[in-house]
Amino acid sequence: MLGEFEYVRAKTIKGGYSLLAKAGGEAAVLAGGTDLLVNIRAGKASPRLLVDMKGVKSLDRLTFSPKTGALIGASVPLNTIVENRGIRTRYPGLAEAAWTVGSYQIRNRATIAGNLCNASPAADTAPPLLVLDAILEVASPRGEREVPVRSLFVDSKKTSLSFDEVVTAIRIPPVPATTRTAFLKRQRVKGHDLAILNVAGRYDPATGDLQIAIGSCAKTPVLVPPLGEPVPPDAPIPELARRLEALAIQVVHPISDLRATAEYRRALLPVFIRRLLEALLQQSDHREAIR
Amino acid sequence: MTLHPIRLTVNGKSEEASVPAAMTLLEFLRERLYLTGAKEGCGAGECGACTVLLDGLPVTACLVLAVEGDGREVRTVEGEAKATGLSVLQRAFIEEGAIQCGFCTPGMIMSARGLLERNSNPTDAEIVEAIAGNLCRCTGYEAIVAAIRRAAKEERDRR
């Protein structure tokens, strides 16, 4: 047995947040359970009640169209995102990030909403969703609201959401067909490990817009401040990488943990910024290929 | 402690039970149904020894609540063998020497079964990716990959 808690399978979104509100902060939303159940077992979380939202049919949908972007229901497992043709074509950096989470078995349960709400500094789907300006759709007894992923993370393992709020979907705005996204991750073992460093970027050669985000290098995943000018596709990468690194070190605070030292993370940073720029500007492939 | 009534299909057989919220699907399979093929290794979704198919997809049963199994279809390694004998996949594991201590085998077989059902002709890279979440401390994996490759071919040849 994992501990002592009660379980309710909500049938509606309202039913879900009403239960959370009534429990007054002592309940937790059960999505894939791949973080929550591990934390309960390890004594790091002790909710009195688990509210399973997987019974709400509307949270199970993933829709994509080039004109409106993607709407990913909160209960959609990561493998569905990895395998979705629209996501792979238009947001390949997100598909790659989702693919690097855990193992195939874990990705059949784990959700993108859970990956975000767990608010790990190493959450793999966070950097691509940051650069894509993704928005969480959230419901509570006070109504519905939208929370940009950019204002979701407030500290390690802490989000700006209130205890009675339920994430219903993640919305990714449409991007021009010319937009490129990429995701790179350093981990010790594929299938069993969190990131030592993960980075994502978005670049449009037509407009020169460039945005990068970094994970596992601060208390939260972070966006790197913008360069403030368009980046041409033939921009010299070493110089661009140095400028972005100077901007990045204003927002990262690498720490030492069981996966790597702060010094190693700091040393990886310029390497991964350079590779990310090569992927975005020159379309070099530094990924572990999606099979 | 509230008990939750559940009804699910396990290896083709309908099962009904009342379970506490905190019981995992793995505990339900092992301690209520005595299907002890799926093993608890890490209990944290990392070793894959508890892998079963939930509605046809491999999951780690240590991270699924029994109550979440309500209305679902579960398959374990015990569902592989038929009255006529071991499955092609099980025999391939034996013939390729893919079993040493055997602790990872039920989970490996179910990850492989999940793979072969979505891809009857996997590449070695696809086999490796499918079992990336299953740890084996004995074989070095080569024989396991060979066994899955062999089973895939034999199952294709039978069709």
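Below, all heavy atoms of this structure are taken into account, side chains as well, without hydrogens, waters or symmetry copies. A note on names: the letters A, B, ... follow the listed sequences, proteins ahead of strands, and every chain is numbered from 1. Keep in mind that what you see is a predicted model, and the values were worked out from it rather than measured.
- The stretch residues 135-159 of chain B places B/Leu135 near chain A, each with some heavy atom under 4.5 Å from a heavy atom of that chain.
- Closest approach of A/Leu37 and B/Leu63 over heavy atoms only: CD1-O, 3.3 Å.
- Surrounding CD of A/Glu4 are at most 12 heavy atoms belonging to other residues, nucleotides or ligands under 6.0 Å away.
- Here B/His4 contributes atom NE2 and A/Arg9 contributes atom CZ; the two are 12.0 Å apart, rounded to the nearest 0.5 Å.
- Once rounded to the nearest 0.5 Å, the distance linking CD of B/Glu46 with CD of A/Gln105 reads 12.0 Å.
- Once rounded to the nearest 0.5 Å, the distance linking OH of A/Tyr104 with CG of B/Asn134 reads 12.5 Å.
- Residues A/Asn108 and B/Leu54 fail the side-chain proximity criterion, which asks for heavy atoms closer than 4.5 Å.
- Of all the listed residues (A/Leu50, A/Val8, A/Leu2), the one sharing the greatest number of non-hydrogen pairs under 4.5 Å with chain B is A/Leu2.
- Of the two parts of A/Leu36, neither the backbone nor the side chain holds a non-hydrogen atom closer than 4.5 Å to a non-hydrogen atom of chain B.
- For chain A, the nearby parts of B/Thr2 are the backbone and the side chain; heavy atoms of each come within less than 4.5 Å.
- Among residues 7-28 of chain B, the residues having any heavy atom closer than 4.5 Å to a heavy atom of chain A are, in sequence order, B/Pro20, B/Ala21, B/Ala22, B/Met23, B/Thr24, B/Glu27.
- Within a 6.0 Å sphere centred on NZ of A/Lys157, other residues, nucleotides and ligands contribute more than 12 heavy atoms.
- Heavy-atom pairs under 4.5 Å with chain A peak, among B/Ala44, B/Pro58, B/Cys47, at B/Pro58.
- Across all non-hydrogen atoms, the minimal contact from A/Ser103 to B/Gly133 is CB-CA, 3.3 Å.
- Heavy atoms of A/Leu30 lying under 4.5 Å from chain B belong exclusively to its side chain.
- One finds a salt bridge joining A/Arg109 and B/Glu68 here, because a Lys/Arg side-chain nitrogen approaches an Asp/Glu carboxylate oxygen to under 4.0 Å.
- Put simply, of B/Thr60, B/Leu65, B/Ile131, B/Leu115, the one with the most heavy-atom pairs under 4.5 Å next to chain A is B/Leu65.
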